[in-house]
2 protein chains.
Amino acid sequence: MKDAIALHKDEFLEELKQYLSIPSISSLSKHKEDVQHAAEWTAKALTGAGMENVDVIPTEGHPIVYGDWLHAEGKPTVLIYGHYDVQPEDPLDLWETPPFEPVIRDGKIFARGATDDKGQLYIHIKAVDLLMKQEGELPVNVKFVIEGEEEIASPNLGPFIKENEEKLACDAVVISDTSFIEKGQPAICTSLRGALAMELTVKTANSDLHSGTYGGGVPNSIHGLVQLLDSLHMENGRIAVEGFYEGVPEPTEELRSEMAEIPFNQTRTKKDLELEDLFGEEGFSFQERVGIRPTLEINGITGGFQGEGLKTIVPKEASAKISCRLVGSQKPEAVYEAIERHIEAYKPVGCRVSLHQFIKADPVAIDSKHPLIQAAASAYEEVYDVRPLFPKEGGSIPIVEVFGRVLKAPVVLMGFGLPTENLHAPNEHFHIENFTQGIETVCQYFKKI
Amino acid sequence: MKDAIALHKDEFLEELKQYLSIPSISSLSKHKEDVQHAAEWTAKALTGAGMENVDVIPTEGHPIVYGDWLHAEGKPTVLIYGHYDVQPEDPLDLWETPPFEPVIRDGKIFARGATDDKGQLYIHIKAVDLLMKQEGELPVNVKFVIEGEEEIASPNLGPFIKENEEKLACDAVVISDTSFIEKGQPAICTSLRGALAMELTVKTANSDLHSGTYGGGVPNSIHGLVQLLDSLHMENGRIAVEGFYEGVPEPTEELRSEMAEIPFNQTRTKKDLELEDLFGEEGFSFQERVGIRPTLEINGITGGFQGEGLKTIVPKEASAKISCRLVGSQKPEAVYEAIERHIEAYKPVGCRVSLHQFIKADPVAIDSKHPLIQAAASAYEEVYDVRPLFPKEGGSIPIVEVFGRVLKAPVVLMGFGLPTENLHAPNEHFHIENFTQGIETVCQYFKKI
């Protein structure tokens with residue numbers, strides 16, 4: 001198999017470049033046609049790989065691509081999930097090469113979506129393609145469900161899974177959308193934080209006012225907003241919203257020692273990211289803060305005059321984007337309501353506040369001892385010569401919880417990315433070595449189960 | 001004189017329309033030639049009015065226009081200051097008619113610069129023009145100094161005044177760039193707040209980080225910024241910066257009752273501006289807060305992701321524009337240093353902060369009892385049948401302090417605008433009635449002194 005992969009590598013990369021050149025940014029309406037194009041490209045690739053019943057299924061948003069091959073009688077069924085949509089490219093000026101003109105440099109392929117998730121998804125398409133071409137059949141039954149709305153929190157995939165419980169029935173859901181601990185150290189993620197995102201807007205007047213005429217005498221929307229935002233955290237890094245920590249489990253000694261084993265080089269992280277210092281919730285390590293503790297982060301803020309120089313106004317409106325990561329049995333709805341109550345209670349004089357919710361996802365925990373997960377670990381070990389670790393990821397893949405709950409199957413988070421591959425940032429890339437070894441690992445996995 | 005003005009009114013308005021059609025926006029480099037054109041137009045108008053030694057004096061920025069008439073032996077010399085530059089027109093879509101195509105509607109002339117300051121400046125040019133034409137001479141000596149950089153804080157006029165102390169020597173500086181209290185109630189402003197503006201930037205990392213991978217474990221530049229900004233005010237509306245209030249005089253009982261006399265309709269202001277409530281420093285009235293108390297306002301804020309929807313990042317950088325209004329003997333330098341010390345002292349963990357200063361201007365207080373100011377009051381009274389009030393303006397005209405200090409002359413702030421004339425906003429206009437009565441008032445004033 002290794003030889004076959006080596007033989008076809010250049011051809012596979014050319015195809016992947018084509019895939020990556022489609023600007024399938026799901027969050028921007030102007031890219032709607034590109035997203036549709038990427039869906040059709042994905043369907044064609046599945047057909048080319050020998051999949052049957054391939055379908056581009058319309059939704060209220062972007063389509064879901066389905067395809068299957070169900071002729072391995074008596075063998076388990078694996079549902080492979082991935083997404084063909086990508087993050088916006090901005091800030092464009094920080095890209096060394098254009099985000100949708102894929103190039104290969106230093107053994108990496110650079111493009112928006114390279115690691116998140118077109119490159120990782122393409123591993124599976126090429127794995128079944130190769131197996132079909134070599135053996136004429138697959139060692140397992142396979143169903144592909146590939147969506148175009150992962151980067152906008154999968155609004156239509158959840159309902160689709162619930163409505164198609166039978167069609168999607170499987171023994172394991174396999175997803176490659178996570179990453180190694182570091183180069184050479186694979187990982188199967190066994191925990192994902194939940195997510196909750198919202199926008200907070202503060203309005204004071206019906207227009208910006210001259211700060212000479214009104215300054216000091218009327219409420220200022222930015223003052224109101226910073227006061228509210230600052231009230232969300234305590235100085236020790238804890239979140240100050242009453243009820244926020246409900247459902248957050250106290251970590252056991254066992255979990256804490258497991259977390260402590262995850263490699264983390266503080267000096268290097270500080271140097272690489274040019275951080276003056278680390279900062280987070282008092283009483284927890286970095287690994288715990290980003291892995292098993294909930295967070296509340298302000299992701300963006302805007303208000304008033306932002307051009308060159310100065311405009312002496314009292315701004316009428318300001319807003320901020322806020323997102324939370326949730327753990328344990330925290331419920332997004334309950335946390336949202338707690339934040340709503342907090343905002344209402346701390347609302348400064350003269351401020352009209354409104355809160356708008358974007359995203360919510362429950363936290364997920366996966367049992368690393370499940371045989372279909374242990375089999376994945378063995379597949380990695382054969383290819384990479386090292387046993388994967390089972391980290392708790394800080395990120396969220398909202399749909400994972402739905403897959404696990406509705407299909408009652410273990411979710412195998414077989415990531416092939418690296419944490420340094422700039423996902424959601426300029427110069428996103430994917431290591432070609434992990435692309436080819438990924439194909440090998442997936443083939444091994446299918447043969448094992 | 002009234003008859004002569006009525007006779008020439010339409011001709012004067014046609015000229016003013018020409019003046020207003022020049023887009024002399026000093027802050028935008030693409031309008032450099034338009035600003036030059038407006039300077040030349042101004043010089044021509046001075047020559048046409050019989051002024052001598054008319055000169056368009058180049059500076060490092062936009063030119064200063066000078067002209068004089070000094071043949072009123074034994075009579076006082078009045079220096080008339082104004083500016084021929086205007087504010088940018090944006091937001092363009094809110095203008096009912098194009099900003100540089102002046103039109104007359106309902107007794108008002110609409111255009112950018114109509115009230116600030118071309119229309120008010122043109123009052124003086126037409127006053128001397130009429131007097132010269134009627135009498136062949138002026139009752140006072142006159143010097144015009146008209147700049148093209150008022151809207152960008154007069155960077156070259158201060159040095160020009162200092163270098164030309166002798167040439168500009170005078171008994172009073174007359175400026176028409178302020179406004180009435182309301183229609184029919186003229187005002188001579190006797191106090192201007194000083195100004196200080198800066199930009200505060202907080203940086204944490206060298207790139208935006210994924211909030212799933214790093215959220216909760218690294219400093220967030222927006223958290224740092226809102227913490228710093230929120231620390232600048234106390235809940236009771238006072239500014240929390242140590243030393244900020246140094247030089248701010250406690251208002252005397254006399255001043256407080258003077259302030260209380262300035263008409264202010266709280267219900268109407270709240271309704272007009274759609275304010276839920278007023279807010280400001282505890283213990284002071286609205287008129288005091290905007291007139292004789294110092295302020296610190298955040299004029300703009302920006303950081304992280306600001307597009308549609310969400311991007312789950314920990315933002316690397318955030319910044320805010322801040323401006324202060326100063327009173328009494330507050331010194332801009334000292335206040336800036338106090339803010340710098342505050343920022344340094346309150347700097348959150350992991351934040352690199354920098355502060356950049358834009359503008360500074362000392363506060364100005366003018367003695368309303370000066371005979372050359374009382375004479376202006378009498379001139380208003382004759383034309384408008386009501387004695388002007390002597391309000392304390394909340395705004396700043398940075399150059400006023402320099403004129404007063406360097407030339408050692410009282411500054412007579414003889415405004416003819418109305419506070420509702422949308423200066424610095426769309427649909428700026430000027431009441432034609434105040435244009436014509438303004439010419440009459442200025443002629444009366446010159447005759448009186």
Side-chain angles (χ1 to χ4, degrees), chain A residues 27 152 197 205-206 210-220 222-223 226-227 229-230 233 273-281 286 289-290 293 295 297-306 309-315 318 321 323 325 349-350 352 358-359 394-396 419 423-425, chain B residues 197 204-208 210-220 222-223 226-227 229-230 233 273-281 286 289-290 293 295 297-315 318 321 323 325 349-350 352 358-359 394-396 424:
Chain A
S27 63
I152 52 171
N206 56 8
H210 192 294
S211 78
T213 317
Y214 291 103
V218 294
N220 177 321
I222 300 182
H223 294 197
V226 301
Q227 195 176 326
L229 293 175
D230 193 32
H233 285 92
L273 306 177
E274 291 176 40
L275 298 171
E276 210 174 69
D277 228 324
L278 295 173
F279 181 69
E281 192 185 352
F286 177 85
R289 287 167 178 171
V290 302
R293 297 299 297 172
T295 68
E297 297 279 337
I298 308 168
N299 311 110
I301 192 165
T302 186
F305 180 70
Q306 304 182 4
L310 185 82
K311 204 166 164 187
T312 47
I313 53 162
V314 180
K321 314 242 186 200
S323 66
R325 301 285 173 173
V349 177
R352 290 179 193 87
F358 292 128
I359 292 179
S396 313
L423 77 164
H424 295 205
Chain B
T204 47
N206 55 9
S207 79
D208 290 342
H210 191 294
S211 77
T213 317
Y214 291 103
V218 295
N220 176 320
I222 300 182
H223 295 197
V226 301
Q227 195 177 324
L229 292 175
D230 192 33
H233 285 91
L273 306 177
E274 291 176 40
L275 297 172
E276 210 174 68
D277 228 323
L278 294 174
F279 181 69
E281 192 185 353
F286 177 84
R289 287 168 179 171
V290 303
R293 297 298 297 172
T295 68
E297 295 280 339
I298 308 168
N299 311 109
I301 192 164
T302 187
F305 180 70
Q306 303 182 5
E308 203 185 321
L310 185 82
K311 204 166 162 186
T312 47
I313 52 164
V314 181
K321 314 243 187 201
S323 67
R325 301 283 172 174
V349 176
R352 290 180 192 88
F358 292 128
I359 293 179
S396 313
H424 293 207

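None of the values given here were measured: they were computed from a predicted structure. The figures here come from the full heavy-atom set of this structure, side chains too, leaving out hydrogens, waters and symmetry mates.
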Heavy-atom pairs under 4.5 Å with chain B - which of [options] has more of them than the others?
options: N206(A), L423(A), V290(A); value: N206(A)
options: G280(A), A205(A), G217(A); value: G217(A)
options: H233(A), E281(A), R293(A); value: H233(A)
options: A318(A), P315(A), G303(A); value: G303(A)
options: G304(A), G215(A), S323(A); value: G215(A)
options: V349(A), T213(A), I152(A); value: V349(A)

Which residue out of [options] racks up the most heavy-atom pairs below 4.5 Å with chain A?
options: I222(B), L278(B), I301(B), L273(B); result: I301(B)
options: L275(B), T302(B), I298(B); result: I298(B)
options: I313(B), T295(B), N299(B); result: N299(B)
options: D208(B), N220(B), V314(B); result: N220(B)
options: R289(B), E297(B), Q227(B); result: E297(B)

Side chain, backbone, both or neither: which part of [X] has a non-hydrogen atom closer than 4.5 Å to chain A?
X: T312(B); answer: both
X: F358(B); answer: side chain
X: F286(B); answer: side chain

### Task
Could you tell me which residues satisfy side chain to side chain donor-acceptor pair (under 3.5 Å) with D277(B), sequence neighbours excluded, listed by chain and number?
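Result, side chain to side chain donor-acceptor pair (under 3.5 Å) vs D277(B): none returned.
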#### Entry: Side chain / backbone / both / neither for S27(A) at chain B, heavy atoms under 4.5 Å
backbone
### Task
Identify which part of H210(A) has an atom lying under 4.5 Å from any heavy atom of chain B, answering side chain, backbone, both or neither.
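Answer is side chain: those atoms of H210(A) sit under 4.5 Å from chain B.
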### Task
Check whether any side-chain N or O of K321(A) sits under 3.5 Å from a backbone N or O of G307(B) as a donor-acceptor pair, and report yes or no.
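Yes; at least one donor-acceptor contact below 3.5 Å.
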### Query
Can you tell me how far NE2 of H424(A) sits from NZ of K311(B), rounded to the nearest 0.5 angstrom?
8.5 Å
